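Following: one structure in structure tokens, then a few remarks.
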Amino acid sequence: MATIENPSEAMRLVRHGDAATGAQAAALFALANGLVGVEGLIDERADRPCAYLPDAYVSRPIAYHESFPGYASATDTRVPCPSPVLLRLHIDGEPVDFGGADLVETESALDFATGQLRRLSRWRLAGGRTLEIAVDRIVPLAGGACVASRIRLRPIDFGGAVEVRLTYGVEGMGAGGAEVDDPRISARLRPVWTTISPLPGDPSTVTRFAQDAVELAYRQHVAAPAAEVADEGAGHVVRGTLVAGGTLTIDRVVALASARGRPVGPAVFDDAATDFDAIAEGQNAAVEALWDSAAFAIDGDDALTQALRFDLFQLHQSASRDPDHSIGAKGLTGEGYEGHYFWDAETFMLPVLALQAPAKARTLLAYRIGKLDRARAHARALGHARGALYPWRTIAGDECSSHYPTGSAQYHINGDIAYALALYVAATGDEAFRLRAAEMLFETARMWIEIGAFDARRGGAFCIHGVTGPDEYSALVDNDFYTNAIARRHLGYAAETADWLRARGDLGALADAIGLDENEIATWRKAADAMWLPVDAVLGINPQDDAFLGRPELPGLKSPVHDGPLLMIYHPMILFRHQVAKQGNVVQAMAMDLVSMPVSQQRRNLDYYGRVTTHDSTLSSVSFAIAAARLGDETAALDFMRECAFVDLEDRHGNTSHGLHMAALAGSWLVLAQGWGGLRLDGRVPAFAPTLPSAWQGYRFRLQWRGSVIELAVHAAGCTYRLLSGAPLDILDHGRSLRVGAAPSTLARPTVKGAIFDLDGVLTDTAEDHYQAWQALADTYGFAFDRAVNERLKGVDRAGSLRLILDQAGAAIDAEAFDAMLAEKNALYRARLADYSPANLFAGVTGLFAELRAAGLKIGLASASRNAGDVVRLLGIADQFDFVADAGAVAQGKPAPDIFLACADGMGLAPNQCVGIEDAQAGISAIHAAGMVAIGIGSEEALPDADLHVPAIGELTLGQILSTEQEAAARGRLSIRTGKVEDMPC
Ligand code: BG6
Ligand code: MG
């Protein structure tokens with residue numbers, strides 16, 4: 001396997017010999033600018049079509065033996081276009097056969113700092129002559145569709161007349177060529193271009209080609225000051241003299257254009273650049289601007305830094321700048337997946353672009369808006385009376401998948417587009433675009449109501465039927481977890497956008513145009529609120545779908561028998577019937593923060609789905625890396641991160657020759673930002689929760705938000721934020737608010753990792769019910785009892801409470817009567833619980849829990865009540881805790897520390913990593929005895945020992961919970977880590 005050379009050269013990718021010339025190198029050294037792409041072939045062997053133009057695709061009917069309504073009728077296939085880099089040589093009248101010549105040495109270097117491909121080859125020609133060919137190649141990131149090359153021919157030990165033919169290689173192009181038996185390439189077509197007649201007014205430097213409905217025009221500009229240049233046939237011929245040890249320099253700039261169903265207009269090249277030096281200068285500026293908002297570094301892993309820079313550079317190169325096009329699965333780097341656009345453009349690539357080059361993100365969304373009518377037509381074809389459904393794979397906007405179970409059934413693509421739109425709008429504040437996109441957002445939201453229903457058997461939960469999630473090893477399932485989760489986000493955002501439009505007075509016209517009424521918007525909200533996203537009672541994980549967990553596992557999964565992706569080995573139905581996943585739908589939902597869940601549940605999901613997932617999709621490692629990094633599983637997270645970062649550099653899936661895996665490349669940056677940086681984008685401001693794997697000394701990255709660019713430098717002590725351009729920006733660091741300005745601000749990484757809550761009187765008002773039950777008992781038996789006495793019972797277990805009451809009343813009873821009274825009090829208390837529901841949860845608890853989780857904190861319950869389990873179930877929060885300590889299993893009740901210690905232990909945390917929250921003095925004492933910081937819900941008078949007081953749980957913030965560590969440090973309980981910010985190159 002090829003290895004990366006000069007790993008310290010983190011701004012270049014350099015390969016030698018076969019690694020610089022092979023099929024994999026053609027993709028690795030591809031250059032593109034969103035309007036054109038060219039494979040990294042070496043010029044003298046670049047005699048096959050190797051350029052990609054977004055409009056250069058053909059449409060072929062799909063033939064079915066048995067066809068049913070709504071089946072896709074045709075597929076678009078992008079075809080490589082004639083080579084704009086082919087170079088042929090004649091020396092002293094003899095053609096040089098580079099196919100047969102001896103390539104003594106070759107080096108290709110892609111420079112991410114200058115945006116140039118620099119290559120050098122040393123050839124041994126017939127007669128032992130040695131010729132060096134060096135080429136600098138540019139596809140200008142901010143320029144038009146053009147490929148510029150500076151070619152230098154250097155004969156080492158000979159001289160003679162030379163003829164350099166700068167042509168395109170279409171002559172003699174015939175039909176045929178082997179079909180490829182790989183569904184990931186599928187309808188690969190052998191391109192057959194013919195040269196067609198010029199249009200009146202064409203300069204002689206223009207050559208035209210055609211294939212099916214696609215027409216191309218190339219205009220070539222050649223400059224060779226030391227030679228004679230002539231237009232001849234298709235291209236140019238440069239005639240000159242080679243002198244041993246001298247250099248013949250030729251600048252070649254090919255501008256490319258395509259059109260469908262009509263010729264390319266003659267005026268298309270009027271503004272096209274022709275000067276190599278000017279193009280190089282423009283490229284320097286464009287690349288510098290790119291790194292201004294995208295620069296990053298990992299201190300401690302040069303190879304990974306280099307890999308991520310390669311990945312990011314390639315993503316930006318392939319990002320479409322044409323609103324009629326999105327980014328293909330392989331970008332503009334190869335023929336894989338027929339050049340089709342999938343969900344991964346919105347889910348993996350767009351988030352990176354939105355945070356680094358928002359205009360490119362907007363282009364992808366504009367493409368979807370432009371195809372809304374096609375999406376409506378697709379929905380009608382599938383029998384939906386209303387709404388729009390985007391195709392699973394497409395170029396022109398129509399469904400191109402011939403296999404609907406893993407094609408059209410992936411309705412989640414609608415939600416993915418809505419997710420991307422929400423992210424783009426949040427990152428830019430581009431309200432004009434939100435307005436423009438609203439119709440698309442609403443039409444696509446309608447689809448969920450078309451395919452889902454409120455299920456009375458599941459308490460009225462909204463269930464979505466007959467869909468396929470991202471994991472294509474399960475198909476046509478009910479309640480795919482990812483689909484339901486993204487649908488919930490989509491419906492919520494659509495309803496919120498309707499409110500926003502209504503408030504601006506902009507809803508009416510749009511609603512009239514698409515027949516939308518308030519009831520429908522209310523249904524969206526109701527469906528979002530009631531979305532079925534269950535937790536399996538036995539495994540404590542989220543089932544991937546209704547049936548997944550009941551299926552048998554695939555025998556021999558991950559054994560050597562399964563060499564290669566399972567989709568290449570088994571009939572799809574074998575996979576559908578087994579508990580095996582190509583990628584993790586639940587883990588994907590976790591990585592995208594679609595569902596808030598306890599850390600322990602995240603851990604269980606990651607472990608469980610890790611066992612049944614083959615990662616046959618290169619996208620899989622992205623979500624697993626993010627989830628593992630957030631859960632602190634460094635080894636797994638780094639392994640998964642390398643899996644996506646090196647997916648093409650090391651050809652880890654064996655198909656880099658089909659083109660680069662653009663979504664995995666984008667994903668490797670998402671792992672840095674969302675995994676290690678803990679970045680979440682679902683709130684009002686960007687929220688970070690950076691952690692540092694022990695393998696690294698630090699890392700830094702930038703992002704753009706609302707026009708401001710900030711940089712985070714994560715180091716041993718915490719994180720330093722600074723503003724690089726734009727207005728000061730509000731962010732959250734581990735839940736703590738920070739305004740990032742030009743002066744660097746450093747926040748220490750919080751040491752608090754868990755919050756342990758009491759129940760009665762903290763999360764709900766059961767303290768009052770306990771009081772009422774005791775009061776009724778006391779009244780029955782004539783014991784003196786009142787609220788003042790009751791205060792002393794708070795936090796004390798049932799038997800302890802009764803003992804206190806009896807002591808207080810001066811009463812003595814035997815053991816049997818004592819037990820009977822305990823039972824009676826409990827019956828009185830439980831009768832009062834009968835009407836409990838989620839409405840009894842104190843205001844603010846749900847939000848606080850979500851904030852804690854978002855900051856990566858664990859949540860525990862340490863109640864003295866043996867009824868706690870039932871109460872949290874009634875409150876609807878039973879599945880929100882990472883651990884519920886069992887009051888019946890600890891030796892001593894509060895004020896002894898046992899239950900808080902048991903809870904910390906159950907969450908896998910040391911006591912001094914936890915904060916306790918209590919409303920009773922006995923509880924505060926227990927928390928302190930456990931060595932934790934105590935937050936009192938109540939007044940200072942009532943809870944004099946608490947370290948911090950808030951009057952009600954709804955007023956407690958995550959920031960306060962984290963800031964208690966200052967308090968704790970003062971008490972010597974916790975140590976705050978401090979350190980110096982190290983400088984790292986970016
Ligand atoms: C505590 C309450 O949480 O639980 C006490 O503050 C109560 O008032 C104790 O006595 C025991 O509850 P249960 O439900 O086990 O009787
Ligand atoms: Mg209490």
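Counting convention: from 1, in listed order, for ligands and their atoms alike. Just so you know, these numbers come straight off a predicted model, no measurement behind them. If you read the sequence from its start, that first residue is 1, and numbering goes on from there.
Heavy-atom proximity to R866, at under 4.0 Å, picks out these atoms of ligand 1: 13 (P), 14 (O), 15 (O). For ligand 1, the atoms lying closer than 4.0 Å to a non-hydrogen atom of N867 are 13 (P), 14 (O). The atoms of ligand 1 that sit less than 4.0 Å from any heavy atom of K825 are 16 (O). Annotation for ligand 1: atoms under 4.0 Å from non-hydrogen atoms of R798 are 11 (C), 13 (P), 15 (O), 16 (O). Atoms of ligand 1 found under 4.0 Å from any heavy atom of S801, numbered from 1 in the order shown, are 10 (O).
The backbone of V796, and not its side chain, has at least one atom closer than 4.0 Å to an atom of ligand 1 (non-hydrogen atoms only; backbone = N, CA, C, O). Looking at S863 against ligand 1, only its side chain comes within 4.0 Å, counting heavy atoms. With a 4.0 Å cut-off on non-hydrogen atoms, H770 touches ligand 1 through its side chain and not its backbone.
Around atom CZ of R739, no more than 12 heavy atoms belonging to other residues, nucleotides or ligands sit under 6.0 Å away.
When side chains are defined from C-beta on, N542 does not count as touching D536, because their heavy atoms never get closer than 4.5 Å. When side chains are defined from C-beta on, K894 counts as touching E918, because their heavy atoms get closer than 4.5 Å.
Side chains of N479 and D545: a donor-acceptor N/O pair is absent below 3.5 angstrom, by distance only.
From the protein, the heavy atom lying nearest to atom 2 (C) of ligand 1 is D760 OD2, 3.4 Å. Protein heavy atom closest to atom 6 (O) of ligand 1, with residue, atom name and distance, is G795 N, 2.9 Å.
Between the side chain of S863 and the backbone N or O of L759 there is no donor-acceptor pair closer than 3.5 Å.
Within D758, the N, O or S atom at minimum distance from the Mg ion (ligand 2) carries the name OD2. For D919, the N, O or S atom with the smallest separation from the Mg ion (ligand 2) is OD1. In terms of distance to the Mg ion (ligand 2), the nearest N, O or S atom of D760 is named O.
Taking the ring axis of F454 as reference, the NZ or CZ atom of K526 stays within 45° of it and closer than 6.0 Å to the ring centre.
Below 3.5 Å of separation, one finds an N or O of S865 facing an N or O of ligand 1.
Centroid-to-centroid, the aromatic rings of Y493 and Y419 stay 6.0 Å apart or farther. Separation of the F757 and F849 ring centroids falls under the 6.0 Å cut-off. Aromatic ring centres of Y609 and F624 lie farther apart than the 6.0 Å criterion allows.
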